[in-house]
Amino acid sequence: MNHWIMFPLLIPAVVAPLLILTGRYDEVLSRVFSVGGMVLQLLVAIVLAVQAFGGEIVRYELGNWPEPYGIVLVLDRLAATMLLMAAVIGLLVALVSIDNQDEQGRHFHPLLLLQMLGLNGAFIAGDLFNLFVFFEVMLIAAYGLASHGGGRGRLAASFQFVAINLLGSTLFLIGIGLLYAVTGELNLRELGQRLPAVSEAQRGLLSCGIAVVVTVFALKSAVFPFHFWLPATYSRSAPVIVALFGVTTKVGIYSLLRFYASVLAGNEACFSPWALSWVFPAGIVTVVLGALGVVAARGLGAMASFAMLSSGGVLAMCVAGFEPERIGAGLFYLVHSTIAGACLFFVVEGVIRRRHDVGDALSSSRPFVRHGLLGAGFLVAAIAVVGMPPLSGFVGKLLVLDSFKDSPWHAASWSTILGTSLLGLVGFARAGSVLFWKTPLLDVDSGPPEGGRIHTVMTFIAIGILVAVLAMMAIFAGVITENLRITTEQLLSGRVLPHD
Amino acid sequence: MRLMLIIAIPFFGALLPMLLARAGRRACAIATGLSTLMALVLLLSHAPVISAGQAFAVSHQWVPQVGMDLALRLDGLGLLMAGLILGIGLLIVIYAYHYLGKDESLGAFFTYLLLFQGSMVGIALADNLLSLLVFWEGTSLASFLLIGFWRHLTEGRQGARMALIVTGGGGLALIAGMLLLGDIAGTMTISELTARREAIQQSSRYPLALLLIAVGCFTKSAQFPFHFWLPQAMAAPTPVSAYLHSATMVKAGVFLLARLWPVLSGTEWWFYTIASMGAVTFLLGSVVALFKDDLKALLAYSTISHLGLMTMLLGLGTEAGLIATLLHLLNHAAFKGALFLTVGIIDHETGSRDLRNLGGLWRILPITGAIALLGLAANAGLPPLGGFLSKEMMLEAVSQVSWWGQPHLLTAIAAIAGTFAVAYSARFFAGAFLGEPGADLETAHGPSWGLVGPAALLVVSALAFGVFAQPLAEPILQTAVRGAMGNGDAPTIHLKLWHGVNLPLILSGVAILGGGILAGTFDGWRSLLKRRLAIEGQRVFRACEWQLVSVSRHVTERFHGGSLANYLTWFLVGVLALGGLSVWPSGLRSGDRQLLPINVLALLLITCLAAACLMTILLHRRRLLSVLMANVVGLITSIGFIYFSAPDLALTQISVEVVTLILILLALYFLPKETVAEASPIQRWRDAALAGLCGAAMFALTWVVLSSDGPTDLANYLIEQSKPAGGGSNVVNVILVDFRGFDTFNEIMVLAISALIIYALLDGAMHGAAADKLDHWEHDIPRSPEKHPAMFISFTRALLPLALLVGVYMFLRGHNQPGGGFVAGLVVTIALIVQYMVSGYQWAAERISIDYHSWIGWGILLAAGTGVASMILGYPFLTNAHEHFDLPYLGSLDISSALVFDLGVLMTVVGAVMLALANLSRLGRRAERAAQKAAEAAKLLDRGE
């Protein structure tokens, strides 16, 4: 029996209670457990990636109940890719939090691990209701992390986050209910096979159920008009955590892809096209709103948040048509934008750490405590986020643009992506100029500012690792793209295979 | 492979100055210089073969999916360009070492410089449209860093941003253009494009691709209307201005146009786009240059003008135009580089570069003056310098072309621009070197050889290209032209200073004469035209940028203003619209199940339910009542469950209602008792309409679902297998702990997380502003005089063991009868909570010594452990094992591993709820103490008076 697929869930599910039991009293112990758990998770993710890239799809029947009656976990190339990405970011977030963010409130590390549980679960769930449960784990843990550290603005923003997303959970339940009512199934693959059998009279219900579920995925990935929770939550939460939220947002896009591939693909005649056709224009609006927000931002955190919003919109545009080539390009961009976003938020964390009283505000009024490396980090992260060479953002942009070449949305997508790139350039050039050129320097020798020594070692290490990953992604873009093409093929061919 | 090295050396070399920064300035400079020299030597080692008409090529696959290869190709054109970059680069390194102050971070400077150099050589050698783009954007970034090198200068920062945005923006257009071009041609390899010229030019997408590429080139080469960034970029240290913004980077646009010349040129689109804009820029630049007092600004506009000249020549589409361009490319790099370096020397030695302050420098800086004189002569196109040669060729080429039926228009423009070029050159020299020295110039001293040497070398080559045109410039040009033409049949070139008396010579004479007069009488009419002619592109740009920022802020605040009500409105409208549209094509049809007859009880329940719902909304400002009404809704729902024979659900619902009500009431104590009206009446009606629509939609969907028969095979399977395979006759519980035990496993995580969050949030409330509020707490609702009623106490204490027993009972029988870990947990919790409520937290806490955190932790571990146990036995996670026992006294008993799992659930539920309660009480006790203290103080005060 191959149990490897359980470990991404078991590790956080065991380490988190251990942290609750022991880590409450001992900061060092909780850090050791947390980082240790993350390292294990990364190792497991690597093992799973090796397995999945062998081409085999693992289906794990929980409780030994045969599919489609019980819950099933599924590992294919795409899921393995996402697990790996989440594990890398998770480990780095745990490391960076050691710089002191984890002392700002209680139970940081168990919440972090339980967030990983939700993420990992959502990536391998093969059952719609199980996916819902993991969404809940993710949501509630994210609420805890978003409010971590407290403060008026942060609590208000995290409340909005949880309020909007709870409405989303309700909708998800409604959607699942509708789909169950017409198909009698929750298993994703089985759902897809039953769709053609839905009677003419129930097509309306079916379409509505699909539309509602798609809406929920759009909410999770912050696509207009369901994105409103993102900017405030991301810009008010502790930046180190937002680095992980970047992965959480991708769950929406991922689930949409998964849902399409296992349920909708090949069954387009069974439901109304309206359930899906709005995603592309909504993606464009999201990209534009995000880019305008980048220009408008008054703080670095807000700027990074809107940049994330914008990149999410690009992803929505990419998956909207469910064309294999575009999905492949989108997946490259997905991995890139997650890593680049995390890198940028680590920089924001560093900036806040080194400018106590003004935080990340884009003003030059208060000096920095020596920041040469931070400036370099910002430059590189901004290059990645805006999509300039030599990092992977540029390749991602080329791949995305190229994939729209022969589509009817050619002009719209190209002008949106290139136009908003320019807006991003304007915004980030302004921010960098104000923060790292205009703001005077405080020499570290003149003594530490109030608040004692500043720890940013882990932050710099994390930024360094992420930059290296981005550079590697650029250098090996060809290989990665080829692999993502196969991944997409595997994802989309899942539905053609007969029931085995 | 050696080709790759030419590019790799500067990029890897860029690491050296950064690392050597601590080893001193000299080490940085030597490392930079050596890197450049190595690359140059390597480049020149290819020269003999290339001048024989060969080319070197190397290609590595990079992203084959989009046709991006790391392909390099060194031909004559690339050799010319790369030679200029590396050759001048070497001089600039020497110059910069002497130019920059001792306290400036030379390491960073040289690192940026080498990054630029690598990118620039990359542009020169790239043989793939997309990898060329990589290098192209690289130069924009390096230029940004170099212009902003003096970070304390406002102009430097603004200039850097403007340059990045304009050239970067152009780069984006170029991306689109390149992708289009590659798509039309079917290849991204530049050297393969020439063969497909016909197909490309006939494509309907050719004009668009051309325009996009032109925008990229125009922004980079500072062509009108994108020229304004270049004068702003002059805030950079002078070595940067000389290198990037005169000799090399700004030529990238011209170079790319030349590179694509064999592919794209020769059409009307090409001619009217490229030649027209070039001509406008040519004229505009030289006219504006005359009116600039700042020497660097003057040279910047002069550069713009010369770039316009080259662009115009390429736009002609004739071989003569191409040849003249390349010759001028070479000449201009030499003399304009020298002139910038001269201005740097003047600035460095006198502290000023304003023509109004300068004068008489000839006496102090004679060598610099001589260099400037020669450079300016070349700039003005005077014989025998190289500039004269290329200008003659330019006039010759232009005179053969007519623009929109006007045979002399371009010639006239060229002549006028040439006249102005003479004029501003003359003004430069006369203003700086002749006349009386300015007052504060007496302290000026002679420059070091490191500053003069590079300038002299450049200007000497500018002279040599004219005087020794045939042996020196001709082979270079011949090789370059052959490379640019892309095929072997390039024309043979003969360079001569004296062509006899012809039209170009006459025009040159006129220009020199006119220019002299212009410069001589300049003071008379400068004020007249100065304002009108100085087109302040940068002001327009800044206004645009500010406008963009304010529009963005407006939109962003309009959309993301922070109102939850607005966000939810968008959300709900979106869902309603999408759901509605999806339903639209097929519609909703009520099913054909037979409806049950309605009876009095059902009617009563539904009426109560509706009334309670309504009251919850109507009373929402009075929080306590509203919460109670919501609870009523829940209780009626649980009666509904009983009515429809779902006792498990009813049990769960009732216990959940009770527990949540208690927790909410505890929390409510700390909140305002009434909500203020926040929404305007219109908003309320809007919200009411939206809520009504949502309700109607839900009703319609529910109706259709309930009235139709859905597939039931899954449900049937679960019911059938519950007893035989699941070992329990209560199918609801078997679903919860077995069929879908994994969902439950994760749901207890949700519960645990919630408790942790409540703990963390309330712990946060014990510090800071919230704690302050607690410490000044005053009771705002009347309190009962009897805190712990005796009857209540004795009753509940007696009840405790019974209630716990009920909990155990519920737990044990769960697998077969209504009950289970979740319900049992809630029952136990309620039993405990009651003790806390009635006897006071203090009393209860002294007797119930449970660490609720541990309960949560152990609960999860127990549940996980059950699952892991089955894995150890070789079954999937959470596989249930059950066994039937006949035991004495207890009778027949089914023991199932799910029971252990369920115990984990129970522990987590108890731990989570009690943790929340304990922390709310903690808050309460703190407030209590504060209130008591306040009351005592008030009493003391009363007594005192």
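Residue numbering restarts at 1 for every chain, and letters A, B, ... go by the order of the sequence lines.
Proximity to chain B (any heavy atom under 4.5 Å) is shown, for A/His148, by neither the backbone nor the side chain. Heavy atoms closer than 4.5 Å to chain B are found in the side chain of A/Leu423, but not in its backbone. In this structure, the portion of A/Ala297 lying under 4.5 Å from any heavy atom of chain B is its backbone and not its side chain. Only the side chain of B/Val555 has a heavy atom closer than 4.5 Å to any heavy atom of chain A. Both the backbone and the side chain of A/Glu136 come within contact range of chain B, each with at least one heavy atom under 4.5 Å from a heavy atom of that chain. For A/Leu276, no part lies under 4.5 angstrom from a heavy atom of chain B.
Residues B/Phe877 and A/His3 place their aromatic rings such that the two centres sit no closer than 6.0 Å. A centroid separation of 6.0 Å or more is found between the aromatic rings of A/Phe226 and B/Trp570. You'll find the ring centres of B/Tyr567 and A/Trp229 outside the 6.0 Å limit. Not less than 6.0 angstrom separates the ring centroid of A/Phe394 from the ring centroid of B/Trp136.
In terms of non-hydrogen atom pairs under 4.5 Å with chain A, the most contact-rich of B/Val573, B/Asp183, B/Asn880 is B/Asp183. With respect to chain A, the highest number of heavy-atom pairs below 4.5 Å among B/Gly168, B/Ala725, B/Ser754 belongs to B/Ala725. If you tally non-hydrogen atom pairs under 4.5 Å between each of B/Glu557, B/Glu747, B/Gln721, B/Arg161 and chain A, the highest count goes to B/Arg161. Each of B/Gln65, B/Gln61, B/His152, B/Arg589 has some count of heavy-atom pairs under 4.5 Å with chain A, and the biggest count is that of B/Gln65. The candidate from B/Gly574, B/Gly865, B/Ser590 with the greatest count of non-hydrogen atom pairs under 4.5 Å with chain A is B/Gly574. Per-residue counts of heavy-atom pairs under 4.5 Å with chain B were compared for A/Leu206, A/Thr215, A/Val426; the largest is that of A/Val426.
Within 6.0 Å of atom CZ in B/Phe11, more than 12 heavy atoms from other residues, nucleotides or ligands are found, so the atom counts as buried in its surroundings.
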